[in-house]
A.B. asks: 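Input: one structure, supplied below.
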Amino acid sequence: PLHKIMEGMSLLKEKTPQGLDYALSFGERLSAFVMSYLLQARGIDSVYVDARTWLRTDCHFGNAKPDWDASRRNVTSIWHSWGNRVSVHTGFIGSSIEGLTTTLGRNGSDYTATLLGASLNAQEVVINTDVAGVMTADPRIVRDAVPVSNLTFAEALELAVYGSQLFHPRTFFPLMETGVPMLIRNTLGTNEDGH
């Protein structure tokens with residue numbers, strides 16, 4: 001299917017926002033699929049979940065807006081099918097009411113995680129990134145930057161609004177509504193608490 005969409009774009013010498021979203025979804029789907037199988041190979045019972053099965057959006061391709069109520073209802077109706085397995089979800093993608101593949105834009109995977117965590121009323125949502133949490137300054141510029149121990153949602157939202165590249169403001173809205181906390185972890189190392 002990816003070859004066909006790329007061939008079509010090549011022949012037409014045109015890429016539509018809808019076609020681009022569909023093409024971009026393949027990397028996310030493949031990554032989650034591979035991750036699920038890697039977990040299974042290590043003896044961890046997991047299930048691949050394509051977020052398009054539950055994340056309903058509008059048709060604003062490239063920066064789709066989730067339908068929070070519909071998505072929450074979808075999660076509530078299907079999460080039992082995941083059982084006790086570790087569910088590995090695609091991030092960044094959803095689908096419109098018409099079944100068209102959409103992408104959420106900047107920080108779309110984090111947004112997917114907060115929508116899912118809030119829908120499940122999770123204990124916490126963990127976001128993995130290249131820094132050990134929210135820092136007092138950009139560690140690439142300021143050598144002595146240290147992680148901030150905690151922030152309120154209002155403080156984090158203010159940072160996001162005023163230019164922090166760590167998260168997008170909309171990422172917080174599902175968590176603010178439900179009160180589910182967010183933890184930010186360093187993917188490449190450990191935080192001071194060992195996580």
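Predicted model, so just to flag it, every value in this text is computed and none were measured.
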A.B. asks: Do the side chains of P1 and F26 get nearer than 4.5 Å, heavy atoms only?
C.D. replies: yes

A.B. asks: Any donor-acceptor pair under 3.5 Å linking the side-chain atoms of T101 with those of S25?
C.D. replies: no

A.B. asks: Please name all residues satisfying ring-ring contact (aromatic ring centres under 6.0 Å, His included) with F173, sequence neighbours left out, ordered by chain then number.
C.D. replies: none

A.B. asks: N63: which residues meet the side chain to side chain donor-acceptor pair (under 3.5 Å) condition with it, sequence neighbours left out?
C.D. replies: R170

A.B. asks: Not counting sequence neighbours, list each pair that qualifies as a side-chain hydrogen bond (donor to acceptor under 3.5 Å, both in side chains) and has a residue in residues 8-23.
C.D. replies: D21-T103

A.B. asks: Please assess L55 against L104 for the test side-chain contact (heavy atoms from CB on, under 4.5 Å), listing each intermediate value before the final yes or no.
C.D. replies: CA-CA 10 Å; L55 182 49; L104 302 181; 3.8 Å; yes

A.B. asks: Over all heavy atoms of both residues, which pair between A32 and V88 is shortest? Give the atoms and the distance, please.
C.D. replies: O-CG1, 3.5 Å

A.B. asks: Test of understanding: clusters of I, L, V, M, F, W, Y form through side-chain heavy atoms closer than 4.5 Å, transitively. Do I184 and V148 belong to the same one?
C.D. replies: yes

A.B. asks: Of all residues at least two apart in sequence or in a different chain, which pass the ring-ring contact (aromatic ring centres under 6.0 Å, His included) check with W82?
C.D. replies: H89

A.B. asks: Show which side-chain atoms of residues 114-123 pair as donor or acceptor with protein atoms under 3.5 Å away, not counting sequence neighbours.
C.D. replies:
{"unit_1": "T114", "atom_1": "OG1", "unit_2": "Y111", "atom_2": "O", "d": "3.0"}
{"unit_1": "T114", "atom_1": "OG1", "unit_2": "T171", "atom_2": "O", "d": "2.9"}
{"unit_1": "S119", "atom_1": "OG", "unit_2": "L115", "atom_2": "O", "d": "2.7"}

A.B. asks: Are V47 and I44 co-members of a hydrophobic cluster defined by side-chain heavy atoms under 4.5 Å apart?
C.D. replies: no

A.B. asks: Please report the shortest heavy-atom distance between A64 and D58, naming the atom on each side.
C.D. replies: CA-OD1, 3.4 Å

A.B. asks: Using atom types as modelled and distance alone, determine if a side-chain donor or acceptor of E124 lies under 3.5 Å from a backbone N or O of P181.
C.D. replies: no

A.B. asks: Using the rule that two of Ile, Leu, Val, Met, Phe, Trp, Tyr join whenever any of their side-chain heavy atoms come within less than 4.5 Å, decide whether I127 and F153 are in one cluster.
C.D. replies: yes

A.B. asks: Going by the salt bridge (Lys or Arg N to Asp or Glu O under 4.0 Å) test, which pairs reach into residues 63-73, not counting sequence neighbours?
C.D. replies: D69-R72, R72-E177

A.B. asks: State plainly whether one hydrophobic cluster holds both L38 and F33, where clusters connect Ile, Leu, Val, Met, Phe, Trp and Tyr through side-chain heavy atoms under 4.5 angstrom apart.
C.D. replies: no

A.B. asks: Residues sharing L100's hydrophobic cluster, by side-chain heavy-atom contacts under 4.5 Å among ILVMFWY, directly or via others?
C.D. replies: F61

A.B. asks: Report the residues that fulfil side chain to side chain donor-acceptor pair (under 3.5 Å) with E7, sequence neighbours left out, ordered by chain and then residue number.
C.D. replies: none

A.B. asks: Quick one: list whatever passes side chain to side chain donor-acceptor pair (under 3.5 Å) with S109, sequence neighbours left out.
C.D. replies: none

A.B. asks: Run the numbers on Y48 and L39 for side-chain contact (heavy atoms from CB on, under 4.5 Å), then give the verdict.
C.D. replies: CA-CA 10 Å; Y48 164 80; L39 289 170; over 6 Å; no

A.B. asks: Tell me, please, which residues at least two apart from T90 pass side chain to side chain donor-acceptor pair (under 3.5 Å).
C.D. replies: none

A.B. asks: Calculate, to the nearest 0.5 Å, the distance between atoms CE and CG belonging to M182 and N150 respectively.
C.D. replies: 14.0 Å

A.B. asks: Quick test of your reading: applying salt bridge (Lys or Arg N to Asp or Glu O under 4.0 Å), list the pairs with at least one residue in residues 33-57, sequence neighbours left out, ordered by first then second residue.
C.D. replies: D50-R52

A.B. asks: Other residues, nucleotides and ligands only: do more than 12 of their heavy atoms fall within 6.0 Å of CE on M35?
C.D. replies: no

A.B. asks: If you link ILVMFWY side chains whenever their heavy atoms are less than 4.5 Å apart, which other residues fall into the same cluster as F92? By chain and number, please.
C.D. replies: L20, L24, I93

A.B. asks: A quick test of your reading: do over 12 heavy atoms of other residues, nucleotides or ligands sit less than 6.0 Å from CD1 of I78?
C.D. replies: yes

A.B. asks: Spell out, yes or no, whether V180 and V75 are grouped together once hydrophobic residues are joined by side-chain heavy atoms under 4.5 Å, including indirect joins.
C.D. replies: no

